[in-house]
Amino acid sequence: MPDGGQSTRARKGHIPSSPAATGSGTGVDIPAARRAGIVVTLVLGGLTALPPLSMDMYLPALPAVTRALGSSAATAQLTLTACLTGMALGQLVVGPMSDRWGRRKPLLLGMVVYVFATAICALAPTVELLIGFRLLQGLAGAAGIVIARAVVRDLYDGVEMARFFSTLMLISGVAPVIAPVIGGQVLQVTDWRGIFVVLTVVGIALTLVVVKWLHETLPSEKRHSGGVGEALSTMRGLLADRVFTGYMLAGGLAFAALFAYIAASPFVVQEIYGASPQTYSLLFGINSIGLITVGQINGRLLVGRVSMDKVLTVGLVVITLAGAALLLMTSGVFGEPGLVAVAAGLFVLMSAMGLAMPNTNALALMRTPHAAGSASALIGTASFLIGAVASPLVGIAGEETAVPMAVVQVVCGVGSLVCFLALCRPWQPQHRAAQPVGP
């Protein structure tokens with residue numbers, strides 16, 4: 001078991017030199033993988049960006065799908081729900097697989113299945129078949145999310161890991177911004193099936209990149225040899241770790257506040273405040289730039305100089321305060337707010353995600369060096385499932401008020417702070433000690 005507390009080496013981002021670290025005798029050369037630098041960053045960024053591309057490129061095509069397949073709007077929405085559900089559940093499968101067989105094999109299998117499922121989506125003759133293969137697409141696409149985080153955990157520790165997560169946010173944060181724009185442009189020259197053709201090509205290209213440039217990062221001696229029973233035991237051990245669970249829930253609830261924004265903002269900005277689609281796209285882009293910029297400030301300036309727990313605390317507090325300000329504004333406490341005031345509140349909330357998301361991931365994975373795949377799976381699944389529950393609540397009071405969005409964001413912000421403080425107890429120096437998991 002690693003030494004208690006956050007060791008000096010971890011604080012400085014140093015990875016111990018050992019047979020496991022160097023991959024001696026295993027065919028895994030971790031120092032060489034780390035030296036790949038920009039290549040590894042781009043590959044992992046592409047894997048992390050693929051799921052949001054799969055979700056958001058498709059958004060402009062929903063009305064066209066409804067008309068073309070003769071379905072109701074509610075049924076067409078199930079194609080989104082199916083993909084999101086697949087991404088959540090797929091991580092629970094792929095994570096333990098990657099701890100048992102290494103990172104490359106499950107990732108390549110997932111990428112092949114993703115390409116197949118996406119190609120079938122492009123040919124789907126009925127909405128029911130489209131829903132089924134969107135579910136499979138999400139299940140397979142989850143491999144990129146969970147294994148990208150696990151690879152980061154294999155290659156880096158402490159400060160360096162937090163910095164790398166901030167860099168990944170720069171890459172993956174661009175995807176949700178440009179995806180609807182790309183989807184809209186594809187619809188200018190072809191129909192909705194063309195979007196899945198583009199995603200199929202992207203999946204093939206990314207698979208070839210993984211084959212050539214992403215080498216195995218989990219030495220054989222660190223792999224788990226057991227089957228389903230051991231995988232479930234490992235996950236139970238992770239969830240029994242109070243501090244890991246605290247970071248997982250804090251990150252998931254913060255992510256749910258982001259989901260609430262994504263689900264409600266088109267309706268809030270355009271329907272309630274009368275902004276044009278172009279204005280909405282501009283505001284969405286500005287907010288995403290805020291998140292990315294703060295994430296880079298976190299990785300390049302704060303990590304290594306300020307405790308990650310302190311930075312995380314600031315991020316969660318700002319998210320909560322921004323949600324409270326939005327609630328006061330939208331409920332009419334300060335009179336009738338204009339779009340500028342509401343947009344400013346949303347900008348602050350979104351920007352604070354750049355402090356919360358990379359640090360919850362890094363701090364949780366720092367505790368799980370021997371089960372990074374399973375830990376990454378639990379983190380991702382919790383975020384997607386909590387987000388999926390929170391998103392529909394933003395429209396619970398109809399289309400004429402933004403109060404439900406703000407309520408969801410406040411509740412998620414407060415919940416994230418409570419989970420962080422009550423379970424992680426960051427004032428205790430020993431709270432970061434890595435815990436053994438599994439049998």
Quiz item: Who are the side-chain contact (heavy atoms from CB on, under 4.5 Å) partners of A82, not counting sequence neighbours?
Solution: I131, R134, L135
Quiz item: Can you check whether A124's main-chain N or O pairs, donor with acceptor, with R193's side chain at less than 3.5 Å?
Solution: yes
Quiz item: Could you give the distance from CD1 (I286) to OG (S351), rounded to the nearest 0.5 Å?
Solution: 10.5 Å
Quiz item: Which pair of non-hydrogen atoms, one from A352 and one from G315, has the smallest distance, and what is that distance?
Solution: CB-O, 3.7 Å
Exercise. Using the side-chain contact (heavy atoms from CB on, under 4.5 Å) rule, pick out the option among I379, L312, L365 that qualifies with Y247.
Key: L312
Practice problem: May I ask you to decide if G413's main-chain N or O and S416's side chain share a donor-acceptor pair within less than 3.5 Å? | Solution: yes
Quiz item: So, for T217 and P219, which heavy atoms are closest and what is the spacing to 0.1 Å?
Solution: O-CD, 3.4 Å
Exercise. Heavy atoms only: give me the nearest G252-I386 pair and the separation to one decimal.
Key: O-CG2, 3.8 Å
Quiz item: Heavy atoms, side chains only, cut-off 4.5 Å: are L214 and L44 in contact?
Solution: yes
Quiz item: What is the minimum heavy-atom distance between C121 and W192, and which atoms define it?
Solution: O-CZ3, 3.8 Å
Quiz item: Looking at side-chain heavy atoms only, is the closest gap between V151 and I147 below 4.5 Å?
Solution: yes
Exercise. Check whether any side-chain heavy atom of V311 lies under 4.5 Å from a side-chain heavy atom of V303, and answer yes or no.
Key: no
Quiz item: Given side chains that start at C-beta, do those of Y114 and L206 come closer than 4.5 Å, heavy atoms only?
Solution: no
Quiz prompt | Spatial distance of atom CG (L417) from atom CG (L316) [nearest 0.5 Å] | solution = 5.0 Å
Quiz item: Only one of R103, K105, R104 clears side-chain hydrogen bond (donor to acceptor under 3.5 Å, both in side chains) with S98; which?
Solution: R103
Quiz item: To the nearest 0.5 Å, what is the distance between CG (L301) and CZ (R305)?
Solution: 6.0 Å
Quiz item: V318 versus L355: any side-chain heavy-atom pair under 4.5 Å?
Solution: no
Quiz item: Quick one: OG1 on T118 to CD on Q137, what's the gap to the nearest 0.5 Å?
Solution: 4.0 Å
Quiz prompt | pair I145-T48: side-chain heavy atoms closer than 4.5 Å | solution = no
Quiz prompt | Closest non-hydrogen atom pair between F420 and A250, with its separation | solution = CB-CB, 4.1 Å
Self-check item: Closest contact, heavy atoms only, A362 versus M308
Solution: CB-SD, 4.3 Å
Quiz item: Is the closest side-chain heavy-atom distance between S374 and L238 below 4.5 Å?
Solution: yes
